[in-house]
Amino acid sequence: RTAKLVALRVGLTFLLEGFVFLLFRMRNKRSWLIFVITNLATQLYLNIQLSEQGIFAYSASLLLFVLEILIIIAESLVFYFLVPEFKEKYKRQIFSLLYVLSANILSWALGGFLISNFPI
């Protein structure tokens, strides 16, 4: 059951953040490879932290908030330095940070909904 719930959360996050990645017109195979590897790593980290903490309902939101901030920082660094397609398309690498913020705020909202409505 737990594996199915984790797979559901990770799958939905990948779909949502992948959709945002497409909206930012990222088409390069290298960019998508970095997207997949980065999101696998951050989702693995997030789910390990959530499962190891023995979350109580009142602390889940706070932990998720802290973890999402760490993930936003990590993904911002990765996409800023490793995905030059943002600069190629938009003439500014700063758009990689806009992508990370957009994608993670949407998936954060989804994660908050899932945590409050499904068991962790």
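The analysis underlying the following values was restricted to heavy atoms, covering all of them including side chains, and did not include hydrogens, waters or symmetry mates.
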In Å and rounded to the nearest 0.5 Å, what is the CG to CG distance from N39 to L44? 12.0 Å
Taking the side chain as everything from C-beta on, heavy atoms only, tell me whether Q43 gets closer than 4.5 Å to L46. yes
For residues E17 and Y99, determine if any side-chain heavy atom of one lies less than 4.5 Å from a side-chain heavy atom of the other. yes
At their closest point, which heavy atom of S107 faces which heavy atom of T13, and how far apart are they? CB-CG2, 3.9 Å
Which pairs with one or both residues in residues 69-80 pass side-chain hydrogen bond (donor to acceptor under 3.5 Å, both in side chains), sequence neighbours excluded? T42-E75, E75-N104
Honestly curious: do L23 and L101 fall in one hydrophobic cluster under the side-chain, below-4.5 Å linking rule? no
Taking every non-hydrogen atom, the tightest pair across I72 and V100: O-CG1, 3.7 Å
Closest approach of F14 to V36 (non-hydrogen atoms, all atoms of both residues): CZ-O, 3.8 Å
List the residues meeting salt bridge (charged side-chain N to carboxylate O under 4.0 Å, His left out) with E85, not counting sequence neighbours, and say none if there are none. K89
Shortest non-hydrogen contact from V83 toward Q93: O-NE2, 2.8 Å
dist S102:OG -> F95:CZ (nearest 0.5 Å) comes out at 10.5 Å
Measuring from L22:CG to F35:CZ, what's the distance to the nearest 0.5 Å? 8.5 Å
Rounded to the nearest 0.5 Å, what separation is found between the CG atom of L16 and the CD1 atom of I105? 11.5 Å
Grab the two heavy atoms, one from F86 and one from S96, that are nearest each other, plus how far apart they are. CD1-CB, 3.4 Å
Co-membership, hydrophobic cluster, residues L40 and L67, 4.5 Å side-chain: yes
How would you list all residue pairs meeting salt bridge (Lys or Arg N to Asp or Glu O under 4.0 Å) that involve residues 18-35, not counting sequence neighbours? none
Verify the cluster assignment for I94 and F21: are they in a single hydrophobic cluster under the rule of side-chain heavy atoms below 4.5 Å apart? yes
Hydrophobic cluster membership, F19 vs L106, 4.5 Å side-chain cutoff: no
Heavy-atom pair of closest approach, residues Y90 and M26: CE1-CE, 4.1 Å
Apply the test side-chain contact (heavy atoms from CB on, under 4.5 Å) to residues I69 and W108: give CA-CA distance (whole Å), side-chain angles for both, the deciding distance (0.1 Å), then the verdict. CA-CA 10 Å; I69 295 298; W108 189 352; 4.2 Å; yes
Could you grab the distance from atom CG of L70 to atom OH of Y45, nearest 0.5 Å is fine? 5.0 Å
Determine, using the 4.5 Å side-chain heavy-atom cutoff (strictly less than), whether F81 and I34 are members of one ILVMFWY cluster. yes
